[in-house]
Amino acid sequence: MSGTVASLWRHPIKSHGREEVDAVTLVAGRTMPGDRVWAVAHDASQATGAAWASCVNFTRVAKAPALMAVTARYDEAAGTVTLTHPARTTLAFDPDAEPEALLDWVAPLMPADRAAPARIVRVPGRGMTDSDFPSVTLCNLASHRAVEQRIGRPLSIHRWRGNIWMDGLAPWEEFDWIGREVQLGDAVLRVRERTDRCLATAANPETGRRDADTLGALDSWGHRDFSVRAEVLRGGAVGPGDRVAPL
C-alpha cells in the first residue's frame with residue numbers, strides 16, 4: 001500500500017523545540033538535515049561530543065515535560081536557533097558560541113529533582129538521534145489517529161517528535177516495513193526498527209504538562225512502539241505530497 005508525505009519536521013536541539021520545513025534533501029548515511037544537531041548534556045552526563053551518546057546523557061522531555069512546549073527556528077546560514085515557550089521570553093542565540101544563553105533560559109523549566117543542564121554538545125555530521133545509527137523517524141498519521149481513538153480525544157502529532165509524517169496508509173502498516181526499503185520522493189530508506197516510546201509522549205506540546213496516557217494506549221496493542229526508524233540508503237529530495245511506497 002502506498003501513501004504520501006504529509007509534513008516534514010526537524011528538532012535542531014534535541015528535546016528543545018520542533019520546526020516544520022517545506023522540503024528536505026536527505027543524504028545517504030545521515031540523519032534528517034538540521035535535526036538534533038545539538039543536545040543538552042546534564043551534570044551527570046558522560047557525553048563529550050566526541051561520539052554519539054544515548055539519550056540518558058541528555059536533558060529531555062521524559063524527565064522535564066515542560067520542554068515539550070518549546071518550538072524552534074534554525075537559521076542554518078547564521079548558525080542561530082530561536083526558541084519560544086509559553087512561559088519564557090523568546091531566545092535567539094548561537095548554540096556553539098553562546099551555550100550559557102540556553103542553559104540560563106531553560107533552567108526555570110527544569111524540575112528541581114532532576115540533573116541540571118550543564119553544556120551543549122554536538123557531533124559534526126551526526127544528529128543526536130536516540131538510535132545508535134543515523135536515523136530518520138517515519139510516522140504514520142493513521143497510527144496516530146488510532147491512538148487518538150483509543151484515548152478518546154484529539155492529540156498533537158508533536159508528542160511523537162517525528163521527522164517525516166505519512167498519510168494514506170493503514171494503521172501500523174509501517175511496522176511491516178522492518179527490514180524493507182521504502183521510497184519517499186527521490187530518496188530510498190531502509191526501515192531498521194520500531195521506535196520504542198517513553199513518558200515524553202504524555203506531555204502536551206502546547207502546555208508542557210502531562211495530560212494523556214499515551215503509553216497506556218500503546219499497551220493496549222501489546223507494545224509501546226510508535227513510528228519506525230530508518231537509514232537513508234539513497235539521498236534525494238523529499239517534500240509534502242511525494243509518494244511513499246515500500247519497494
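Here the structure is a predicted model, which means the values were calculated and not measured.
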Yes or no on salt bridge (Lys or Arg N to Asp or Glu O under 4.0 Å) for Arg18 and Asp35, after CA distance, side-chain angles and deciding distance?
-> CA-CA 9 Å; Arg18 59 189 178 273; Asp35 188 56; over 6 Å; no

When you look at Glu231 and Ser135, which way does the side chain to side chain contact (heavy atoms under 4.5 Å, CB included) test go after all the steps?
-> CA-CA 5 Å; Glu231 63 176 321; Ser135 62; over 6 Å; no

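Checking side-chain atoms of Arg126 against main-chain N and O of Ala51 turns up no donor-acceptor pair under 3.5 Å. When atom types are taken as modelled, the side chain of Arg229 and the backbone of Phe133 share no donor-acceptor pair closer than 3.5 angstrom. A donor-acceptor pair under 3.5 Å is absent between the side-chain atoms of Glu98 and the main chain of Phe93, judged by distance alone. Side-chain atoms of His144 do not come within 3.5 Å of backbone N or O of Cys139 as any donor-acceptor pair. The closest donor-acceptor contact from the side chain of Arg209 to the backbone of Pro65 lies at 3.5 Å or more, if one exists at all. Without hydrogens or angle criteria, Trp52 side chain to Ser131 main chain gives a donor-acceptor distance under 3.5 Å. Distance alone, capped at 3.5 Å, is enough to place a donor-acceptor pair between the Glu19 side chain and the Tyr74 backbone. Although no hydrogens or angles enter the test, the distance criterion places a donor-acceptor pair under 3.5 Å between the side chain of Asn140 and the main chain of Ala170. The backbone N or O of Arg194 lies less than 3.5 Å from no partner atom in the side chain of Asp225, so there is not a single donor-acceptor pair.
Atom CD of Glu20 sits in a crowded spot, with more than 12 heavy atoms from other residues, nucleotides or ligands closer than 6.0 Å.
For the pair Ser227 and Arg197, the tightest heavy-atom approach, listed with the atom from each and the gap, is OG-NH2, 2.8 Å.
Ion pairing between Arg150 and Asp213 fails under the 4.0 Å rule for side-chain N and carboxylate O. In this structure, Arg145 pairs ionically with Asp167, as a charged nitrogen and a carboxylate oxygen lie closer than 4.0 Å. Using a cutoff of 4.0 Å between basic side-chain nitrogens and carboxylate oxygens, Lys14 and Asp130 are scored as salt-bridged.
Once rounded to the nearest 0.5 Å, the distance linking CE of Met32 with CG of Leu26 reads 6.5 Å. The structure places CG of Leu189 at 6.0 Å from CG of Leu138, a figure rounded to the nearest 0.5 Å.
Residues His11 and Trp38 keep their aromatic ring centres 6.0 Å or farther apart.
Figure legend: Arg192 and Trp177 shown without cation-pi pairing, the cationic atom not lying both under 6.0 angstrom from the six-membered ring centre and within 45 degrees of its axis.
Hydrophobic clustering (side-chain heavy atoms under 4.5 Å, transitive across Ile, Leu, Val, Met, Phe, Trp, Tyr) keeps Phe58 apart from Leu109. Following chains of ILVMFWY side-chain contacts shorter than 4.5 Å, one can reach Val182 starting from Trp172, so the two form part of one hydrophobic cluster.
Taking the six-membered ring for Trp and thresholds of 30 and 60 degrees, Trp160 and Phe226 have nearly parallel ring planes, at less than 30 degrees apart.
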Return a table of donor-acceptor pairs under 3.5 angstrom between the side chains of residues 75-83 and protein atoms on other chains or two or more places apart.
from	atom 1	to	atom 2	distance (Å)
Asp75	OD1	Ala77	N	3.2
Asp75	OD1	Ala78	N	3.0
Glu76	OE2	Arg10	NH1	2.9

